[in-house]
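All remarks here apply to the structure that follows.
Every value quoted in this text rests on a predicted model; they were computed, and no experiment measured them.
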Amino acid sequence: MLSSQRDESDDQYLLVAKLDNARNVSTILKAIHFKDTATVFASSMGLKVTVEDAKCVQANAFIQESIFYEYSIGEDQLAFKINLTVLLECLTIFGSSLSASGNTSLKMCYAGYGCPLILMLEEDGVLTDCSIKTLEPDEVLDFDFCNTNVLNKIIMKSECLKEVFNELDSTSSVLQILLSPDQPFLQFSTFGDSGSMHSSFPKDSEMVESFQCSQTQTNRYKLDLLKPSVKALALSSRISIRTDNRGFLSLQYMIRIEDGQICFVEYYCAPDEEAHPSDDL
């Protein structure tokens with residue numbers, strides 16, 4: 001196992017993070033892996049890894065400082081762009097399946113602007129070093145999704161939504177989400193070649209843990225943009241669904257990792273401006 005003692009060579013790095021099980025990081029990152037590149041933000045709170053597509057959808061994976069048994073950062077915030085595909089390949093270099101022989105321990109180091117991200121992985125006495133090139137980060141989208149503009153918020157068990165997403169009509173280009181203080185309360189609809197399909201949940205359903213809807217909203221989102229979030233849904237136990245006054249959607253997934261700690265993955269998606277919800281109601 002990698003040494004739990006502070007190494008003097010660590011002083012050359014602005015970021016040093018160590019954990020016993022690299023799978024805890026790779027699992028969360030796989031949930032947002034729908035593009036090759038990602039932007040990593042490091043602060044005293046931990047890591048936030050952001051992936052975007054088409055300026056319409058953004059995924060954020062939050063890996064809190066408490067996940068690591070050692071975490072140190074020399075600046076208020078560090079940011080760099082990295083090839084997420086390569087990072088995941090390195091994290092799972094010993095295999096991604098559960099191993100009876102033990103966990104892969106990880107040490108992650110970054111010395112600052114222009115420097116590579118260094119990964120040191122060890123399993124069963126075998127040590128592997130990886131050096132991944134980093135790039136200057138692009139400016140990420142600010143969805144300006146603040147609590148004061150949130151109109152509707154529902155927290156529910158992920159189990160029921162897994163069934164909904166598994167049964168979505170793949171011939172539909174959009175997913176329509178209706179949230180309302182009145183019936184049908186929460187409804188997911190698709191409009192495909194075989195007609196429209198609807199799945200509804202009453203606010204007093206045992207699957208619904210919190211229901212806060214101040215006004216009726218019906219918005220459509222491109223299904224292709226939402227499909228990547230199914231990876232996070234499959235791993236999660238709870239989901240928070242929020243919409244703001246512009247119809248922007250936030251899907252926040254609570255994911256419990258192997259040691260019982262909790263990480264969050266959040267997807268933001270802009271509404272489909274080309275769709276007209278009234279057409280099929």
Tell me whether [Y] is reachable from [X] by hopping between hydrophobic residues (I, L, V, M, F, W, Y) whose side-chain heavy atoms are closer than 4.5 Å.
| X | Y | answer |
| --- | --- | --- |
| Ile67 | Leu15 | yes |
| Phe264 | Ile154 | no |
| Leu223 | Phe188 | yes |
| Val86 | Leu117 | yes |
| Ile241 | Leu168 | yes |

| request: List the steps, then state whether ring-ring contact (aromatic ring centres under 6.0 Å, His included) holds for Phe201 with Phe185. | output: CA-CA 7 Å; Phe201 296 91; Phe185 301 112; over 10 Å; no
Would you give the length of the straight line joining atom [atom1] of [X] to atom [atom2] of [Y], rounded to the nearest 0.5 angstrom?
| X | Y | atom1 | atom2 | answer |
| --- | --- | --- | --- | --- |
| Leu225 | Cys269 | CG | SG | 5.0 Å |
| Leu249 | Ser229 | CG | OG | 8.5 Å |
| Asp272 | Lys222 | CG | NZ | 4.0 Å |
| Asn24 | Ile257 | CG | CD1 | 4.0 Å |
| Leu91 | Thr104 | CG | OG1 | 9.5 Å |
| Ser26 | Glu89 | OG | CD | 12.5 Å |

Flag, side chain of [X] to backbone of [Y], donor-acceptor distance under 3.5 Å:
| X | Y | answer |
| --- | --- | --- |
| Thr190 | Gly192 | no |
| Thr92 | Leu88 | yes |
| Tyr71 | Gly46 | yes |
| Thr134 | Lys81 | no |

Considering residues, nucleotides and ligands other than [X], do more than 12 of their heavy atoms fall under 6.0 Å from its [atom1]?
| X | atom1 | value |
| --- | --- | --- |
| Lys162 | NZ | yes |
| Lys227 | NZ | yes |
| Met254 | CE | yes |
| Asp76 | CG | no |
| Glu209 | CD | yes |

Of the non-hydrogen atoms in [X] and [Y], which two are nearest, and what is the gap between them?
| X | Y | value |
| --- | --- | --- |
| Val164 | Ser199 | CG2-CB, 4.1 Å |
| Gly195 | Asp169 | O-OD2, 4.1 Å |
| Ala42 | Ile73 | O-CD1, 3.4 Å |
| Tyr221 | Ala270 | CD2-O, 3.5 Å |
| Gln12 | Ala111 | O-CB, 3.8 Å |

Any side-chain donor near an acceptor of the partner, [X] and [Y], under 3.5 Å:
| X | Y | answer |
| --- | --- | --- |
| Ser180 | Thr216 | yes |
| Gln217 | Asn152 | yes |
| Asn60 | Thr50 | yes |
| Asp20 | Ser105 | no |

| request: Show which residues join Leu141 in its hydrophobic cluster (side-chain heavy-atom contacts under 4.5 Å, direct or indirect), or state none. | output: Phe143, Phe145, Val150, Phe248, Tyr268
Is there side-chain contact between [X] and [Y], with at least one heavy-atom pair below 4.5 Å?
| X | Y | result |
| --- | --- | --- |
| Phe191 | Val174 | yes |
| Tyr267 | Leu226 | no |
| Asp129 | Ile118 | no |
| Leu179 | Gln187 | no |

| task | Measure from the ring center of Tyr13 to the ring center of Tyr110 and say whether it is less than 6.0 Å. | result | no
| query | Please walk me through it: do Glu52 and Val140 pass side-chain contact (heavy atoms from CB on, under 4.5 Å)? | reply | CA-CA 8 Å; Glu52 295 181 336; Val140 299; 3.4 Å; yes
| Would Glu136 and Tyr113 count as a side-chain hydrogen bond (donor to acceptor under 3.5 Å, both in side chains) if you check the C-alpha gap in whole Å, the side-chain angles of each, and the deciding distance to 0.1 Å? | CA-CA 8 Å; Glu136 185 170 355; Tyr113 182 82; 3.2 Å; yes
| request: State whether Phe41 and Lys48 meet the cation-pi test: NZ (Lys) or CZ (Arg) under 6.0 Å from the six-membered ring centroid, and within 45° of the perpendicular axis. | output: yes
| message | Show, in sequence, the C-alpha distance, side-chain angles and deciding distance for His33 and Lys231, and conclude whether the side-chain contact (heavy atoms from CB on, under 4.5 Å) test is met. | response | CA-CA 9 Å; His33 183 213; Lys231 291 181 180 180; 4.3 Å; yes
| said: Tell me which one of Asn245, Thr243, Leu151 satisfies side-chain contact (heavy atoms from CB on, under 4.5 Å) with Gln215. | reply: Leu151
| field | salt bridge (charged side-chain N to carboxylate O under 4.0 Å, His left out) between Lys35 and Asp53, intermediate numbers included | value | CA-CA 7 Å; Lys35 285 291 181 180; Asp53 186 20; 3.4 Å; yes
| Do Val40 and Ile82 pass the side-chain contact (heavy atoms from CB on, under 4.5 Å) test, and can you show the C-alpha distance, the side-chain angles, and the key distance before you say yes or no? | CA-CA 7 Å; Val40 179; Ile82 198 166; 4.0 Å; yes
| Picking from Glu266, Gln252, Gln212, what satisfies side-chain hydrogen bond (donor to acceptor under 3.5 Å, both in side chains) with Arg242? | Glu266
| task | Please step through side-chain contact (heavy atoms from CB on, under 4.5 Å) for the pair Ile93 and Leu119, ending with a clear verdict. | result | CA-CA 11 Å; Ile93 199 165; Leu119 303 182; over 6 Å; no
